[in-house]
**Q** 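Provided herewith is a single structure, encoded as structure tokens, for subsequent inquiry.
If you read the sequence from its start, that first residue is 1, and numbering goes on from there.
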Amino acid sequence: MTVTVRPAAPPRDLAPAATSVQTASEGPNWVPTRALGRAVLFCGSAIIVGVFLGRLDLIVIAAPFAIGAAVGLRRRPTRAPVVAVEMEQETASEGEEVSIGLEMSNVDDTRLDLVVGRLTTSGWLDSRGRAAGDGTDPRDGLRPYAGDVGPGETARVDLRAIATHWGPQQVGPAVAYGVAGDGLLVSGFAVAKGMMLRVHPAVPPFRAGETMPRLTALVGIHRSRRPGEGGELAGVRRYGPGDRLRRIDWRVTLRTGELHVTHTFSDRDAQVVVLLDVVYESGRSGGIRSTASIVDTTVRAAAAITDHYLRQGDRVGLVEYSGTPRYLRASSGGRHLHTALDWLLETRFNPHAADAPVFGIDHQLIPNAALVVVLTPLLGPRSAEMIATLARAGRSVVAVDTLGALAQRPVDGSRWTAIAQRLWRAERENLVGLLREAGVPVTVWAGTGSLDQVLQDMARMAEAPRLGVR
């Protein structure tokens, strides 16, 4: 049974000292409140003074208080209320609304005057209360809730929380306590364990042409330069042994008098490795509704690229470049997409990575035929050295600048600050120029179509004839 609940604030002296993450089915013993202590003190003092001084009026005045306390304590509860947290889903995306339920149950045979419960959540969950169908105040999700609960009844509070930042977000613990005996008794705290909500990064709009510089497997959607089964017409030639009859071009056959067949280029799939450079961090992370840091942009761009290529049937792998590199082997399919999104949740900026003496990437885990998309802010020589090393090893590398507009944003300060910023920009442009000289195209992350022109140029260069020296 669901009863009406209303916002309320617990007494200050009853606030928990620490958030213990333990489930309490049998709550601590009920203890008297200060109201009961004051009633006992007043009644006792009035009776004693009245007896010694012979003042019957004092005894008469104290009698209602004594009778009221006795009536309130005639049925004393023995079990504390039970609190539980319910969450409809374990995963969500940035900007998605999540429903969370807070239940406060009375498991005792005595009616409780008040049950107060509160749920703590991560700061990246924007809670919106919806108590008894009314949740107009945006701060409702942060307030305690209270309701009078009868024997065997449950008070439920439905909360709407909007996930504003990717990563594991804590939901709970929840704390509840009960008040009985007309406010003369209060129970200990019952604590429900918290749960973890996995918030996947938002996938910004992204698309890339089907042109790929290198292809790997024998089937897929990308056109190759090799003849075979596919949808791209390569030409018409004379019929030969082994040609299928359904390939006969009857127009050319009737015109020439000889059998001619059409032949096509084979369609093959590609392998993409998304490399996340999180050695450096800059900017302020404000969630999906505010500013984004470099790591935020990197993770969201990686999610968009992974989602795009996996949905069109390619194989995608992930690599994190940091003080302790992480790898996710390339695979395909919808299950791998969820695995990749969960893998991205563990991406963190390591402040000590740039100072590490030796750290790198195992090149053997990156296939030679894979397209390596490096998401990097290009803020240091280590990143440029890593990208150049991959290019010299024969990989097809594309560097995607995740710093973007942050590089052009003016910095407040003295006149020397502006000069230093111009020098830094010139040094960074020089770094980009060195990468392009090493054969690494550099483009700025801009969402839809960010890689189209770069991939077309790389495919054109890969198909161009090469001169050899004997």
**Q** Side-chain contact, heavy-atom cut-off 4.5 Å: Pro77 with Leu185?
**A**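 Yes, at least one pair of side-chain atoms sits under 4.5 Å.
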**Q** Does atom CZ of Phe42 have more than 12 heavy-atom neighbours from other groups under 6.0 Å away?
**A**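 Counting other residues, nucleotides and ligands, CZ of Phe42 exceeds 12 neighbours.
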**Q** Measure the spacing between CZ of Arg76 and OG1 of Thr110 and express it to the nearest 0.5 Å.
**A**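 Separation between the atoms: 11.0 Å.
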**Q** Around Glu88, counting heavy atoms of other residues, nucleotides and ligands shown, do more than 12 lie under 6.0 Å from its CD?
**A**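 At most 12 heavy atoms, drawn from other residues, nucleotides or ligands, come within 6.0 Å of this atom.
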**Q** Any chance you could measure Ile305, atom CD1, to Asp307, atom CG, to the nearest 0.5 Å?
**A**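 Answer for the CD1-CG pair, Ile305 versus Asp307, is 11.0 Å.
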**Q** Out of curiosity, Leu403 CG to Leu378 CG, how far, rounded to the nearest 0.5 Å?
**A**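 Going from the CG atom of Leu403 to the CG atom of Leu378 covers 8.5 Å.
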**Q** Answer yes or no: is there a side-chain heavy-atom contact under 4.5 Å between Val319 and Tyr321?
**A**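 Contact flag for Val319/Tyr321 side chains = no.
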**Q** Asp158 vs Arg156, test: salt bridge (Lys or Arg N to Asp or Glu O under 4.0 Å). Steps then yes/no.
**A** CA-CA 7 Å; Asp158 294 324; Arg156 180 181 176 87; 2.8 Å; yes
**Q** Could you go through Val397 and Ile387, starting from their C-alpha distance and side-chain angles, then the distance that decides it, and tell me whether this counts as side chain to side chain contact (heavy atoms under 4.5 Å, CB included)?
**A** CA-CA 7 Å; Val397 183; Ile387 297 172; 3.9 Å; yes
**Q** Any heavy-atom pair between the side chains of Leu328 and His336 that's under 4.5 Å?
**A**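 Yes, side chains in contact.
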**Q** Looking at Thr33 and Val186, would you say the former's side chain and the latter's main chain have a donor-acceptor pair under 3.5 Å?
**A**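 Absent.
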**Q** Checking side chain to side chain contact (heavy atoms under 4.5 Å, CB included) for the pair Thr121/Leu197: CA distance, chi angles, key distance, verdict?
**A** CA-CA 10 Å; Thr121 60; Leu197 175 67; over 6 Å; no
**Q** Is the shortest side-chain heavy-atom distance between Thr120 and Pro173 below 4.5 Å?
**A**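 Yes - at least one pair of side-chain heavy atoms lies under 4.5 Å apart.
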**Q** Under the salt bridge (Lys or Arg N to Asp or Glu O under 4.0 Å) test, which residues partner Arg329, sequence neighbours left out?
**A**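 With sequence neighbours excluded, Arg329 shows a salt bridge (Lys or Arg N to Asp or Glu O under 4.0 Å) to no residue whatsoever.
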**Q** Side chain to side chain contact (heavy atoms under 4.5 Å, CB included) between Glu346 and Glu320: does it pass, once the steps are laid out?
**A** CA-CA 10 Å; Glu346 303 299 326; Glu320 179 184 307; 5.9 Å; no
**Q** Determine the minimum heavy-atom distance between Tyr280 and Ser383, stating which atoms define it.
**A**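 Minimum heavy-atom separation between Tyr280 and Ser383: CE1-OG, 3.6 Å.
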**Q** Pairing donors with acceptors under 3.5 angstrom, does anything connect the side chains of Asp126 and Thr164?
**A**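 There is no such pair between these side chains.
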**Q** Is it the case that the side chain of Arg284 and the backbone of Ser290 share a donor-acceptor pair, with hydrogens and angles ignored and the cut-off at 3.5 Å?
**A**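 Answer holds: no.
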**Q** Report yes or no: does Arg395 contribute a side-chain atom to a donor-acceptor pair with the main-chain N or O of Val372 at less than 3.5 Å?
**A**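 Not confirmed, Arg395 side chain does not pair with Val372 backbone.
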**Q** Do the side chains of Asp296 and His165 get nearer than 4.5 Å, heavy atoms only?
**A**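 Touching, per the 4.5 Å side-chain cut-off.
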**Q** Would you check if the side chain of Thr347 reaches a backbone N or O of Leu344 as a donor-acceptor pair within less than 3.5 Å?
**A**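 Indeed, once roles are kept as given, a pair shorter than 3.5 Å links the two residues.
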**Q** Can a donor-acceptor pair be found, under 3.5 Å and without considering hydrogens, that links the side chain of Glu281 to the backbone of Ser293?
**A**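 No; judged by distance alone, with no hydrogens or angles, the pair does not exist.
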**Q** Measure across Ala330 and Gln271 and return the closest heavy-atom pair with its distance rounded to 0.1 Å.
**A**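 Smallest heavy-atom distance, with atoms named: CB-NE2, 3.4 Å.
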**Q** State whether the side chain of Arg348 and the backbone N or O of Leu345 hold a donor-acceptor pair below 3.5 Å, judged by distance alone.
**A**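 Checking the backbone N and O of Leu345 against the side chain of Arg348, a donor-acceptor pair under 3.5 Å is found.
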**Q** To the nearest 0.5 Å, what is the distance between OG (Ser396) and CG (Leu390)?
**A**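 Between Ser396 OG and Leu390 CG, I get 11.0 Å after rounding to 0.5 Å.
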**Q** Thr297: what forms a side-chain contact (heavy atoms from CB on, under 4.5 Å) with it, not counting sequence neighbours?
**A**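 With sequence neighbours excluded, Thr297 shows a side-chain contact (heavy atoms from CB on, under 4.5 Å) to Ala292, Thr402, Trp445, given in chain and number order.
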**Q** Flag the pair Ile100 / Val85 as yes when at least one side-chain heavy-atom distance between them is below 4.5 Å, and no otherwise.
**A**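 With C-beta onward as the side chain, the pair touches.
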**Q** Verify side chain to side chain contact (heavy atoms under 4.5 Å, CB included) between Leu119 and Val157, making sure each step is shown before the conclusion.
**A** CA-CA 10 Å; Leu119 175 67; Val157 181; over 6 Å; no
**Q** Is it true that Asp108 and Thr78 share a donor-acceptor pair across their side chains at a distance under 3.5 Å?
**A**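 Looking only at side-chain atoms, Asp108 and Thr78 do form a donor-acceptor pair, the distance falling under 3.5 Å.
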**Q** Answer yes or no: is there a donor N or O on one side and an acceptor on the other, between the side chain of Ser122 and the main chain of Trp124, under 3.5 Å?
**A**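 Present.
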**Q** Working to the nearest 0.5 Å, report the span between OG1 of Thr306 and CH2 of Trp343.
**A**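 Answer for the OG1-CH2 pair, Thr306 versus Trp343, is 9.0 Å.
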**Q** Could you measure the distance from the CZ atom of Arg118 to the CE atom of Met104? Nearest 0.5 Å is fine.
**A**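 One finds 13.0 Å between CZ of Arg118 and CE of Met104.
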**Q** Taking all non-hydrogen atoms of both residues into account, name the closest pair between Val115 and Pro81 and its distance.
**A**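 Closest approach of Val115 to Pro81: CG1-CB, 4.1 Å.
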**Q** Just wondering, do Val374 and Val440 contact through their side chains at under 4.5 Å, heavy atoms?
**A**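 A side-chain contact is absent here, since even the closest heavy-atom pair is not under 4.5 Å.
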**Q** May I have the list of side-chain donor-acceptor pairs in residues 47-55 shorter than 3.5 Å, sequence neighbours left out?
**A**
residue	atom	partner	partner atom	Å
Arg55	NE	Asp57	OD1	3.2
Arg55	NH2	Asp57	OD2	2.8

**Q** Using only atom types and a distance under 3.5 Å, with no angle test, would you say the side chain of Arg74 pairs donor to acceptor with the backbone of Val71?
**A**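 Yes; judged by distance alone, with no hydrogens or angles, the pair exists.
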**Q** Ala163 and Ile288: which non-hydrogen atoms are nearest, and at how many Å?
**A**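 What the structure gives for the nearest pair is O-CG2, 4.4 Å.
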**Q** Please examine the side chains of Met386 and Thr376, heavy atoms only from C-beta on, and report whether any two atoms are closer than 4.5 Å.
**A**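 A side-chain contact is absent here, since even the closest heavy-atom pair is not under 4.5 Å.
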**Q** Taking all non-hydrogen atoms of both residues into account, name the closest pair between Asp113 and Gly181 and its distance.
**A**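 Heavy atoms of Asp113 and Gly181 come nearest at OD2-N, 3.3 Å.
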**Q** Quick check: closest heavy atoms across Met87 and Met196, and the distance to 0.1 Å?
**A**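 Closest approach of Met87 to Met196: CE-O, 4.1 Å.
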**Q** For the pair His200 (side chain) and Thr91 (backbone), establish whether a donor and an acceptor sit closer than 3.5 Å, ignoring hydrogens and angles.
**A**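 No, because the side chain of His200 does not come within donor-acceptor range (under 3.5 Å) of the backbone of Thr91.
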